[in-house]
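Notes for the one structure printed next.
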Amino acid sequence: MERDIARVIITQEQLAHRISELGAEIAAVYPPNEDLTMVTILSGSIVFFSDLIRQLPMKMHIGLITVSSYGGATTESRGPQLLDDLNVDVTGHHVLIVDDILDTGRTLRMVRNRMADRGVRSVRAAVLLRKTAKAPADVHAEFVGFDIEDEFVVGYGLDYNNLYRNLPHVAVLKPELY
Ligand code: IMP
Ligand code: MG
């Protein structure tokens, strides 16, 4: 697997360091003793989500929502599809949506809108990566791990054709593989 990589963009150490900082940023925002549900957008955010929640000291509920990714290295062909709706009741809760990457913003826009319809107390979003060139102004993530260039990355949960999610770093594949 490692030999498919052209370049590491973010190392394991950089990920761990930034995620502990993000944990502190997030913990500072939520009042204690109010219900918080952390919602992971499957499948891309599983690795980030599991590391991030362990940096948070407060009580929290966990929710899952499944949104389809596209099959390849381009998002232009079709928009996100809801495959499995949120599995828990978030009425009256603070909701923090966690996703792997903010690219065109369509996934986050859809999930944010669905949460806002559920009588929640607040909705915020945390993304590990943001492609600054593309992220539209109307789709906001309150917590961002890293801003990156507009190139297709894999690892740490992010996939190409459902592979490479288990790479411990964020990387770019060799061009002949795309
Ligand atoms: P958006 O809806 O275009 O913002 O895309 C968000 C989703 O597309 C993410 O949750 C990822 O699953 C996928 N995605 C976007 N860019 C990349 C990338 O560079 N590598 C892997 N997946 C990506
Ligand atoms: Mg995804």
Side-chain angles (χ1 to χ4, degrees), residues 1-12 14-15 18-19 22 26 37-53 62-87 95-117 123-178:
M1 185 168 61
E2 288 286 344
R3 67 174 174 222
D4 291 352
I5 290 174
R7 196 156 36 91
V8 172
I9 308 277
I10 308 171
T11 65
Q12 253 180 291
Q14 289 171 314
L15 287 163
R18 182 67 189 122
I19 287 164
L22 274 180
I26 291 168
T37 297
M38 303 265 302
V39 172
T40 178
I41 305 183
L42 300 175
S43 304
S45 81
I46 50 168
V47 180
F48 175 44
F49 187 82
S50 63
D51 280 348
L52 183 63
I53 59 175
I62 300 297
L64 319 171
I65 189 168
T66 308
V67 179
S68 75
S69 280
Y70 46 94
T74 172
T75 54
E76 308 306 330
S77 48
R78 60 187 171 94
Q81 273 178 293
L82 183 71
L83 296 185
D84 239 319
D85 209 347
L86 187 63
N87 65 331
V95 170
L96 179 59
I97 301 162
V98 179
D99 204 5
D100 51 359
I101 186 164
L102 176 54
D103 182 16
T104 68
R106 287 185 292 191
T107 304
L108 193 54
R109 184 188 287 121
M110 183 183 83
V111 176
R112 278 194 92 117
N113 289 342
R114 293 193 79 78
M115 296 304 119
D117 290 343
V123 182
R124 292 185 181 88
V127 296
L128 178 69
L129 307 173
R130 178 172 62 185
K131 291 184 182 171
T132 32
K134 277 179 156 178
D138 72 307
V139 187
H140 184 55
E142 283 78 1
F143 307 100
V144 177
F146 300 88
D147 281 316
I148 62 166
E149 300 294 310
D150 184 15
E151 57 187 344
F152 196 84
V153 293
V154 298
Y156 202 71
L158 292 121
D159 72 302
Y160 177 59
N161 288 338
N162 208 22
L163 290 171
Y164 307 106
R165 293 193 198 276
N166 57 316
L167 279 173
H169 31 239
V170 175
V172 175
L173 294 176
K174 289 181 177 159
E176 63 267 27
L177 290 164
Y178 290 118

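Whatever order the structure lists them in is the order used to number ligands and atoms, beginning at 1. Small disclaimer: the values here were computed from a predicted structure and weren't measured.
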Stepwise, does the side-chain contact (heavy atoms from CB on, under 4.5 Å) test hold for E151 with I9? CA-CA 10 Å; E151 57 187 344; I9 308 277; 3.4 Å; yes
Closest heavy-atom pair and its distance - E142, V123: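 Closest approach of E142 to V123: OE2-O, 4.1 Å.
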Which heavy atom in Y178 sits nearest to a heavy atom in L173, and how many Å separate them?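 Between these two residues, the closest heavy atoms are OH-N, 3.1 Å.
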Is there a side-chain contact between I10 and L129 in this structure, where contact means two heavy atoms from C-beta onward sitting under 4.5 Å apart?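 Contact flag for I10/L129 side chains = yes.
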Would you call I26 and L52 a side-chain contact if the rule is heavy atoms closer than 4.5 Å?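 Touching, per the 4.5 Å side-chain cut-off.
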Atoms in ligand 1 with a heavy atom of [X] nearer than 4.0 Å:
X	result
G105	1 (P), 3 (O), 4 (O)
V153	18 (C), 19 (O), 20 (N), 21 (C)
D159	21 (C)
E151	19 (O)
K131	16 (N), 17 (C), 18 (C), 19 (O)

Heavy-atom distances under 4.0 Å decide this one: backbone, side chain, both or neither, for T107 against ligand 1?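 It is both parts that get close, each with some atom under 4.0 Å.
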Take every heavy atom of [X], measure it against each atom of ligand 1, and state whether any distance is under 4.0 Å.
X	result
M110	no
D99	yes
L108	no
P80	no

Verify side-chain contact (heavy atoms from CB on, under 4.5 Å) between I101 and V153, making sure each step is shown before the conclusion. CA-CA 10 Å; I101 186 164; V153 293; 4.3 Å; yes
Assess whether side-chain contact (heavy atoms from CB on, under 4.5 Å) is satisfied between T37 and L86, documenting all intermediate values. CA-CA 11 Å; T37 297; L86 187 63; 5.7 Å; no
